[in-house]
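Because only heavy atoms are used, hydrogens play no part in the values below, and waters and symmetry mates are left out as well, while side chains stay in. By convention in this document, chain letters (A, B, ...) are assigned in the order of the sequence lines, proteins followed by strands, and residues within each chain are numbered from 1.
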Amino acid sequence: MSRTPDIDRAASRAAELRAVLAEHNYNYHVLDAPTIPDAEYDALLRELSAIEAEHPDLVTSDSPTQRVGAAGTTDFSPVRHEVPMLSLNNAFDDVEKTDDRERFAEIADFVRRIETKLGIENPEFSVEPKLDGLAISLRYEGGIFVRGATRGDGVTGEDVTANLRTIKVIPLTLRGKDWPAVLEVRGEVYMPRAAFEAYNEKARETGEKTLANPRNGAAGSLRQRDPGATAKRPLAFYAYAVYLPDDLDATIAPRHSEALARLRDWGFPVSPEVDTAQGFDGLVAYYRRIGARRDALPYDIDGVVYKLDRYDGQKVMGFVSRAPRWAVAHKYPAQEQTTQIVGIDVNIGRTGAATPLARVQPVQVAGVVVSNVTLHNADQIARLDARVGDYVIVRRAGDVIPEIVRVVVERRPEGTVEWRMPTECPVCGSALVRVEGMAVWRCSGGLACGAQRKEAIFHFASRRAMDIEGLGDRLIEDLVDLDYVKTIADVYKLDVDDWVEMKRRADERDGTVPETVKQGKVATKWAENLVASIDKSRATTLERFLYALGIRDVGESTAKALARWFGGFDAIANAPLEELKQVPDVGPVVAGRIVEFFAEPHNRDVIDALRAAGVVWAEHEPQRTVQGHLAGKTVVLTGTLEQMSRDEAKDKLEALGAKVSGSVSKKTSFVVAGPGAGSKLEKATELGIEVWDEAKLIAYLDEVGQG
DNA sequence: GGCCCTCGAGTTCG
DNA sequence: CTCGAGGGCC
């Protein structure tokens with residue numbers, strides 16, 4: 001039988017994948033220094049599995065698909081596992097699909113295979129989070145912990161008994177009396193996220209080496225030669241399986257979930273997230289429930305594990321190759337991915353701040369495609385030594401904004417050069433300068449710089465400033481590029497015809513003339529709406545107007561303080577430095593910025609033009625003392641309020657004299673927490689600060705006549 | 001001069 | 001949300 005070119009190609013790709021995977025296995029298991037994220041490793045392994053499934057002849061005994069892990073190291077004495085430590089099959093989602101049965105097709109298949117083979121419907125599963133740590137096996141004889149070992153290659157691991165003994169949550173003697181003479185408990189050693197961060201913070205202070213991530217922290221800690229060094233690492237452990245090695249047919253309970261409960265009784269920590277679930281729908285519901293809380297869990301997880309609950313059922317299902325057919329690991333979308341930097345641009349903000357931005361090959365991270373990653377500032381780039389062409393690990397963790405975790409220096413292509421902040425503004429060509437000792441570089445072009453002009457207008461129109469609905473970045477971009485506005489005051493000079501004409505010119509320039517226009521129709525409704533909303537913005541408040549001007553370091557809060565203190569605009573514009581410094585929270589720097597702003601004739605002209613265009617606000621007597629039921633109190637709002645908007649609550653509290661702040665400290669008087677409250681509520685509890693729910697706030701407002 | 005507490009500014013994707 | 005830096009207090 002002659003081999004076809006197809007098979008030859010598959011054979012060479014399989015060999016290539018095996019070589020690559022073997023290298024990564026060594027890095028991961030032996031050196032504890034992976035050079036690619038797990039998601040990428042999984043993708044390579046799946047590709048190899050797929051090739052082998054299609055061409056069974058190509059399967060070799062040394063293929064990574066046929067083994068559980070990599071070879072152990074010789075550092076610690078080898079331990080042969082009487083019951084092999086298996087790996088689980090992984091299931092991934094097809095995120096393109098919206099129907100659950102299609103999206104989670106691999107899970108649906110898994111459940112269906114069990115239902116068919118056992119002839120039952122909606123089998124019961126024991127379900128648990130899959131911690132991102134290190135699998136270990138603990139042996140107990142006569143209720144005493146006698147030996148602990150790493151997984152190694154699944155058959156032979158390393159003796160790490162001394163190090164495991166240092167982990168406080170691992171029982172050295174079992175509680176109760178009804179335990180078997182010999183048992184082996186399997187579980188995951190992991191490093192809680194908070195402990196990981198605290199460890200790194202301390203390591204940074206003392207100049208020690210920091211840990212790359214909690215998983216590496218756990219793995220590295222168990223490999224310490226000196227158990228004393230391990231003891232200093234904040235490790236934890238959860239048990240998830242139990243065996244009776246002297247009689248493998250016997251079990252300590254008929255169901256896995258009951259076995260876990262027994263383990264708990266004997267003193268083993270079992271994850272509180274462990275639960276049971278019925279059939280496909282139950283599994284998916286659990287997957288979603290844990291997924292929604294993934295970031296809030298105190299440890300990293302990369303998925304959830306489903307195990308057929310009944311042991312007799314597990315026995316019937318048996319194994320395929322080395323993985324059980326009665327269990328599966330359902331992975332969440334990766335929160336880390338490798339990609340390549342294709343370019344580094346520099347963004348210019350409203351204040352001229354130059355922010356480097358990495359353009360990367362688009363990759364899916366935690367469910368969205370990331371193509372831009374901020375690099376914050378030049379210091380950050382220098383710290384990371386990120387270069388154009390570099391492969392980098394991108395993460396989208398707790399918050400939404402992607403960041404570069406680190407550069408994969410091992411994969412750096414030849415000929416890359418260190419990145420340097422350009423000397424000129426990429427938009428207007430003015431010099432980029434950095435004030436001694438400051439982190440940010442700034443464009444010195446001021447409002448002559450197109451980027452700063454755009455940002456100034458965007459800020460002026462924003463919701464918390466003049467609140468011009470419909471005037472967004474796209475429109476402002478065209479407005480400035482086509483020279484329709486030079487200053488924020490020009491926005492009020494444009495009529496419907498100007499807007500329509502501007503849009504026509506922009507479309508012409510871009511070659512994107514809409515069909516309707518080609519047919520001779522001109523859309524004007526949007527321009528009418530826009531002009532109406534610009535008109536509406538003319539009636540504003542002193543504090544909004546002050547904020548809208550975009551004076552450096554005068555944000556919402558400072559603008560409000562100035563408005564209260566002076567009561568009128570001219571008093572502020574003409575106030576000498578010393579008087580400004582009297583205002584609470586205004587010091588020499590901010591006072592200087594304000595004086596500087598109003599000393600600039602151009603700014604005076606713009607303000608005059610705005611007033612001439614009909615921008616008005618109410619003025620009042622200076623208010624220099626705080627009055628009301630909540631005078632002197634600092635309140636923090638967190639979570640979602642259901643009866644009123646956050647802004648509404650803020651207004652009402654401020655009307656009572658309270659200061660509404662964004663961060664909890666020991667100065668905080670009380671915290672109003674709605675559903676979904678996170679770190680702020682946690683901090684309040686920690687500091688022993690009074691916490692109100694929304695109902696209590698409403699009752700209080702009613703009582704003092706603000707409801 | 002050295003803390004702690006706030007505020008300001010910049011940020012990604014759909 | 002997070003970082004950096006300004007303000008205020010010891």
Inset, instruction - Tell me whether the guanidinium CZ or amine NZ of R411(A) lies under 6.0 angstrom from the six-membered ring centre of Y391(A) and within 45° of its axis. - result: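 Yes.
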
Inset, instruction - Considering just the side-chain nitrogens and oxygens of S661(A), establish if one lies under 4.0 Å of OP1 or OP2 belonging to dC5(B). - result: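 Indeed not, no polar side-chain atom of S661(A) lies that close.
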
Inset, instruction - Would you please confirm or rule out a distance under 4.0 Å between OP1 or OP2 of dC7(B) and any side-chain N or O of K659(A)? - result: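 So the side chain of K659(A) is within the cut-off, an N or O lying under 4.0 Å from OP1 or OP2 of dC7(B).
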
Side chain of [X] only, please: which of [options] is the nearest?
| X | options | value |
| --- | --- | --- |
| K666(A) | dC5(B), dC13(B), dT11(B) | dC5(B) |
| T558(A) | dC5(B), dC7(B), dG6(C) | dC7(B) |
| V589(A) | dT6(B), dG6(C), dT12(B) | dG6(C) |
| S557(A) | dA9(B), dG10(B), dG8(B) | dG8(B) |
| T351(A) | dC13(B), dG7(C), dA9(B) | dA9(B) |
| T355(A) | dG10(B), dG7(C), dC13(B) | dG10(B) |

Which whole-number value in Å describes the distance from [X] [atom1] to [N] [atom2]?
| X | N | atom1 | atom2 | result |
| --- | --- | --- | --- | --- |
| R383(A) | dT2(C) | CZ | P | 15 Å |
| R442(A) | dG4(C) | CZ | P | 13 Å |
| D585(A) | dA5(C) | CG | P | 19 Å |
| I404(A) | dT2(C) | CD1 | C1' | 16 Å |
| R350(A) | dA9(B) | CZ | P | 5 Å |
| L357(A) | dT12(B) | CG | P | 5 Å |
| D553(A) | dG7(C) | CG | P | 7 Å |
| N372(A) | dG10(B) | CG | C1' | 14 Å |

Legend entry - Aromatic plane relationship, F104(A) with H330(A) - under 30° parallel, 30 to 60° tilted, over 60° perpendicular: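 It falls in the perpendicular class, over 60°.
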
Legend entry - Plane angle bin for Y332(A) and Y287(A) - parallel if under 30°, tilted between 30 and 60°, otherwise perpendicular: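 Rings of Y287(A) and Y332(A): parallel, under 30°.
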
Inset, instruction - Inspect the contact between D478(A) and K503(A) and indicate whether a charged nitrogen and a carboxylate oxygen are less than 4.0 angstrom apart. - result: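 Salt bridge absent between K503(A) and D478(A).
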
Legend entry - Test: D132(A) and R193(A) ion pair at under 4.0 Å: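 Here D132(A) does not pair with R193(A) in a salt bridge, since their nearest N and O are not under 4.0 Å apart.
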
Inset, instruction - Hey, which sits more toward the 5' end of DNA chain B by its nearest nucleotide, A353(A) or V370(A)? - result: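 Going by which nucleotide is closer to the 5' end, it is A353(A).
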
